Amino acid sequence: MKAAILTKCRPISEHPLTIGDLSNPNLAPGHAILRVRACGVCRTDLHIVEGELPSLRSPLVPGHQIVGEVVGGQTKDFPLGTRVGVSWVGGVDGTCPYCRLGLENLCDSPTFTGYSVDGGYAEFTQARLDFLFPLPPSLDDLHAAPLLCAGIIGFRSLRVAGVQPGERVGLFGFGSSAHLAVPVLQTWGCQVYVSTRGASHRKLAESLGANWVGSETEKPPVVLDRAVTFAPSGDVVVAALGSLRKGGVVAINAIHLDRIPEFDYDRLLWGERQIRSVANMTRSDARDFLELAAKIGIRPKVTSFSLKDANKALLAIKSDSVDGAAVILPS
C-alpha cells in the first residue's frame, strides 16, 4: 500500500514524510482492517512530525482523523463495507485507576492513533474494534474526517470549560477545532467572541456568525464567562485569562504549549478564575459529538490534499494558510 512515512522528525519545511510502499497491515485480534477513505490533518500531527512530541516509534504513519471502510476483521456490529471513524485515542488498558474511574482520556497506557501505532496517512490501516465509531450517512467522507479529532476535542473543550447555555464564550485562535465549536455554541444559545490572527480566519469566523471577531491583540468587548484557547501559545492563554469574569474558566485545547509566561496573579487569576487543560477525549465525547453534529448539520470548511502532498498539507497547517480543516484523500 502507499503511505506517508516518517522515519526522522524534522521541520516540516524539510518535507520529513516520504511517500512510499509499506506492507498492508496484518490483522491483530480485536481489530479491523480499514480502507482509508479520508484522513483529517491535525496540528498534533505537526507536533509529532517536527519532534515537539517525543518519538514513540519509527517508522511511523501519522494521521488520526480517519474515515475508513471495514475490509477485514468484520464482526456482527461492523460487517464488511461498514463506514467508520477512528480518532486520536485508539485504545486504553481499561484497568488503570483512571479507566476504573471512567476517565479513560487520562489512561496510563493509552494507544494513540498515528503516534504509538500507525495511522491514516495511508491507503489501509487497522484499528481496535471497540474504538470504531459508526458514521451517520449524512456525514460524507471529506466532511466527516475533521470531526473525528478537531470536532470531538473542541466539543470536549467546551465541556471542560463548563460552558452553560446562553453564556459568553471566547475562542482564542481559529483553526479547524475552533470553527467546529461555533455551531455547537450557537445551538446552546451562547454568544461567541473570536480573537485570532490572520484576516482569512477572522473572515471565516464572521461568516459563521460569531458575535464579535478581533485580532490576536484585541480584547473582546465584554467580560467572558468561559474561554477556550486553540493556539499552542502561552501568551494566548494569558490573553484569554485577562478576558474572564470572576469564577470564569479558560480551557487549553493544546497537546503542546510553548510556555506559560509570568503573569499577575492578583489581576488575572484571583477571584476563583481557573485554567484547565484538555487531555485527549473519551468514547462518550465522540459518540455525543457525532450525534450532535449529524443532528444540527455541522459541515466543516475543508481543503483537500492528495496523499503525495501530505507534507504540503502539514505545511499549510503550520503557516495557517488553510481556513477550517485540511483532509488527505489517499486515492
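Just so it is clear, the model here is predicted, and its values are computed rather than measured.
Residues Pro25 and Ile33 share a closest heavy-atom pair of O-CD1, 3.6 Å. Between Cys9 and Glu50, the shortest heavy-atom distance links the atoms CB-C, 4.0 Å. Annotation for Ala145 and Cys39: closest pair CB-C, 4.3 Å, computed over non-hydrogen atoms. Considering every non-hydrogen atom in both Ser116 and Leu56, the closest pair reads CB-CD1, 3.9 Å. Closest heavy-atom contact between Ile48 and Leu6: O-CD2, 4.2 Å. Of all heavy-atom pairs spanning Ser157 and Val228, the tightest one is CB-CG1, 3.7 Å.
Put simply, Val223 and Val163 are part of two different groups of oily side chains (I, L, V, M, F, W, Y) that touch within less than 4.5 Å, one to the next. Using a 4.5 Å cut-off between side-chain heavy atoms of Ile, Leu, Val, Met, Phe, Trp and Tyr, with links allowed through other members, Tyr121 and Ile19 fall into different hydrophobic clusters. Leu139 and Val67 end up in the same hydrophobic cluster when Ile, Leu, Val, Met, Phe, Trp and Tyr side chains are linked at under 4.5 Å. Clustering ILVMFWY residues whenever any of their side-chain heavy atoms sit less than 4.5 angstrom apart, transitively, puts Val182 in the very cluster that holds Leu292. A continuous path of ILVMFWY side-chain contacts below 4.5 Å connects Val213 to Val184, so both sit in one hydrophobic cluster.
Residues Ile255 and Leu53 are in side-chain contact: their nearest non-hydrogen atoms beyond the backbone lie under 4.5 Å apart. In this structure the side chain of Glu14 never reaches within 4.5 angstrom of the side chain of Lys8, judged on heavy atoms. The closest side-chain heavy-atom distance from Ile12 to Val49 is below 4.5 Å. Annotation: side chain of Trp188 is not in contact with side chain of Pro183 (no heavy-atom distance under 4.5 Å). Under the 4.5 Å side-chain criterion, counting only non-hydrogen atoms from C-beta, Arg202 is not in contact with Val194. Two residues are said to be in side-chain contact when any heavy atoms from C-beta on lie closer than 4.5 Å; Val327 and Phe305 fail this criterion. Cys42 is listed as a side-chain neighbour of His64, based on a closest heavy-atom distance under 4.5 Å. Leu208 places none of its side-chain heavy atoms less than 4.5 Å from the side chain of Val192.
Ser58 contributes a side-chain N or O that, together with a main-chain N or O of Thr7, makes up a donor-acceptor pair within less than 3.5 Å. Arg10 places no side-chain N or O within donor-acceptor distance of the main-chain N or O of Leu17, the cut-off being under 3.5 Å. Judged by distance alone, with hydrogens and angles left aside, the side-chain atoms of Arg168 form no donor-acceptor pair with the main-chain N or O of Cys190 at under 3.5 Å. Remark: side-chain polar atoms of His201 are not paired, donor with acceptor, to backbone N or O of Ala199 under 3.5 angstrom. Remark: the backbone N or O of Gln191 is not paired with any side-chain donor or acceptor of Glu167 at under 3.5 angstrom. Judged by distance alone, with hydrogens and angles left aside, the side-chain atoms of Glu216 form no donor-acceptor pair with the main-chain N or O of Ser195 at under 3.5 Å. The closest donor-acceptor contact from the side chain of Arg197 to the backbone of Gly173 lies at 3.5 Å or more, if one exists at all. In this structure, Glu52 contributes its side chain and His256 its backbone to no donor-acceptor pair below 3.5 Å.
No more than 12 heavy-atom neighbours from other residues, nucleotides or ligands sit within 6.0 angstrom of OH on Tyr98. Counting heavy-atom neighbours within 6.0 Å of Glu262 CD, excluding the residue itself, gives a total of 12 or less. The local environment of CG in Asp21 is crowded, with over 12 non-hydrogen atoms from other residues, nucleotides or ligands closer than 6.0 Å.
Under the 4.0 Å criterion applied to side-chain N and carboxylate O atoms, Asp140 and Arg299 are assigned as salt-bridge partners. In summary, Asp93 and Arg100 do not engage in a salt bridge, as defined by a charged side-chain N under 4.0 Å from a carboxylate O. Classification of Lys318 and Asp45 as a salt-bridged pair fails, no side-chain N sitting under 4.0 Å from a carboxylate O. In this structure, Glu104 pairs ionically with Arg283, as a charged nitrogen and a carboxylate oxygen lie closer than 4.0 Å.
If you check the side chains of Asp118 and Thr125, you find no donor sitting under 3.5 Å from an acceptor. Side-chain N/O atoms of Ser200 and Asp323 include a donor and acceptor closer than 3.5 Å. Side-chain contact of Thr282 with Ser284: a donor-acceptor pair under 3.5 Å is absent, judged by distance alone.
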- Could you give me the CA-CA distance, side-chain angles and deciding distance for Ile298 and Leu147, then say whether side chain to side chain contact (heavy atoms under 4.5 Å, CB included) is met? CA-CA 9 Å; Ile298 292 179; Leu147 305 184; 4.0 Å; yes
- Let me see the working for Asp141 and Arg83 under side chain to side chain contact (heavy atoms under 4.5 Å, CB included), right down to the final yes or no. CA-CA 9 Å; Asp141 298 342; Arg83 197 174 65 116; 2.8 Å; yes
- In sequence, state the C-alpha distance, the side-chain angles, and the governing distance for Glu69 and Arg35, and then conclude on salt bridge (Lys or Arg N to Asp or Glu O under 4.0 Å). CA-CA 5 Å; Glu69 176 185 343; Arg35 180 176 69 84; 2.7 Å; yes
- Task: Apply the test side chain to side chain donor-acceptor pair (under 3.5 Å) to residues Thr229 and Asn253: give CA-CA distance (whole Å), side-chain angles for both, the deciding distance (0.1 Å), then the verdict.
- Result: CA-CA 6 Å; Thr229 66; Asn253 180 351; over 6 Å; no
- Item | Audit row: Lys301, His143, side chain to side chain contact (heavy atoms under 4.5 Å, CB included) steps and yes/no | CA-CA 8 Å; Lys301 181 176 174 58; His143 294 92; over 6 Å; no
- Task: Let me see the working for Met281 and Asn105 under side chain to side chain contact (heavy atoms under 4.5 Å, CB included), right down to the final yes or no.
- Result: CA-CA 5 Å; Met281 40 71 75; Asn105 60 303; 5.7 Å; no
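Separating the CD atom in Glu206 from the CZ atom in Phe174 is a distance of 10.0 Å, to the nearest 0.5 Å. If you take NE2 on His179 and CG on Leu204, they are separated by 6.0 Å, rounding to the nearest 0.5 Å. How far CD of Glu218 is from OG of Ser243: 11.5 Å, rounded to the nearest 0.5 Å. Atom-to-atom distance recorded for Leu329:CG and Ser306:OG is 8.5 Å, nearest 0.5 angstrom. Atom-to-atom distance recorded for Phe131:CZ and Ser87:OG is 10.0 Å, nearest 0.5 angstrom. Interatomic distance, Ser176 OG to Ile317 CD1, rounded to the nearest 0.5 Å: 7.0 Å.
In the hydrophobic clustering, where aliphatic and aromatic side chains (Ile, Leu, Val, Met, Phe, Trp, Tyr) are joined below 4.5 Å either directly or transitively, Ile275 groups with Phe172, Tyr193, Trp212, Val222, Leu224, Val236, Val237, Val238, Leu241, Leu244, Val250, Ile252, Leu257, Ile260, Phe263, Tyr265, Leu268, Leu269, Trp270. Cluster partners of Val70, using a side-chain heavy-atom cutoff of under 4.5 Å among ILVMFWY residues and allowing indirect links, are Leu34, Val36, Ile66, Phe78, Val84, Val86, Leu129, Leu132.
For Phe124, the ring pair (Phe, Tyr, Trp, His ring centres under 6.0 Å) criterion is met by no residue, not counting sequence neighbours. Looking at residues two or more places apart in sequence or on another chain, you find a ring pair (Phe, Tyr, Trp, His ring centres under 6.0 Å) between Phe155 and Phe289. Applying the ring pair (Phe, Tyr, Trp, His ring centres under 6.0 Å) criterion to Phe112, with sequence neighbours excluded, gives Trp88. By the ring pair (Phe, Tyr, Trp, His ring centres under 6.0 Å) test, His15 pairs with no residue at all, sequence neighbours left out.
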